[in-house]
Amino acid sequence: MTADWRQNAACKSWDPEVFFTSGPPGRALEDLCRACPSLIPCTFDALKRGDSGYQAGLQVGQRHAIRQGNRAAKKRVARQASRPAARQS
């Protein structure tokens, strides 16, 4: 992993606006994050940042719950992260 994890992020060429939409992120975005080689450092960054947008495969409420120490939220996020990404056709 390079010093700046963003260089290896699967989303580096995506329009940032897709991460700041209202409503759920959608399957394509979830799969992108789940399969990203930068998921772990991105998650640490997402948990340090403010509460806006979809980052590291986590919605705002999920990140807030993790920061607050919500065990159920942590387990749910761990289960989501362990599911394999959908195959692209």
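We're numbering straight along the sequence, starting at 1. Because only heavy atoms are used, hydrogens play no part in the values below, and waters and symmetry mates are left out as well, while side chains stay in.
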hydrophobic_cluster_shared for Phe20 and Leu32, side chain cutoff 4.5 Å: yes
Shortest non-hydrogen contact from Cys36 toward Ala10: SG-N, 3.2 Å
Other residues, nucleotides, ligands: >12 heavy atoms within 6.0 Å of Ile40 CD1: no
Neighbour count >12 (heavy atoms, 6.0 Å) for atom CZ, Phe44: no
How far does [atom1] of [X] sit from [atom2] of [Y], to the nearest 0.5 angstrom?
| X | Y | atom1 | atom2 | answer |
| --- | --- | --- | --- | --- |
| Leu47 | Thr43 | CG | OG1 | 6.5 Å |
| Ser38 | Asp4 | OG | CG | 8.5 Å |
| Glu30 | Gln59 | CD | CD | 7.0 Å |

Aromatic ring pairing Tyr54/Phe19, orientation class (parallel under 30°, perpendicular over 60°, tilted between): parallel
Arg6 backbone acceptor or donor facing Lys12 side chain under 3.5 Å: no
Salt bridge (Lys or Arg N to Asp or Glu O under 4.0 Å) contacts in which one or both residues fall within residues 53-66, not counting sequence neighbours: none
Any residue meeting side-chain hydrogen bond (donor to acceptor under 3.5 Å, both in side chains) with Gln55, in chain and number order, not counting sequence neighbours: Asp45
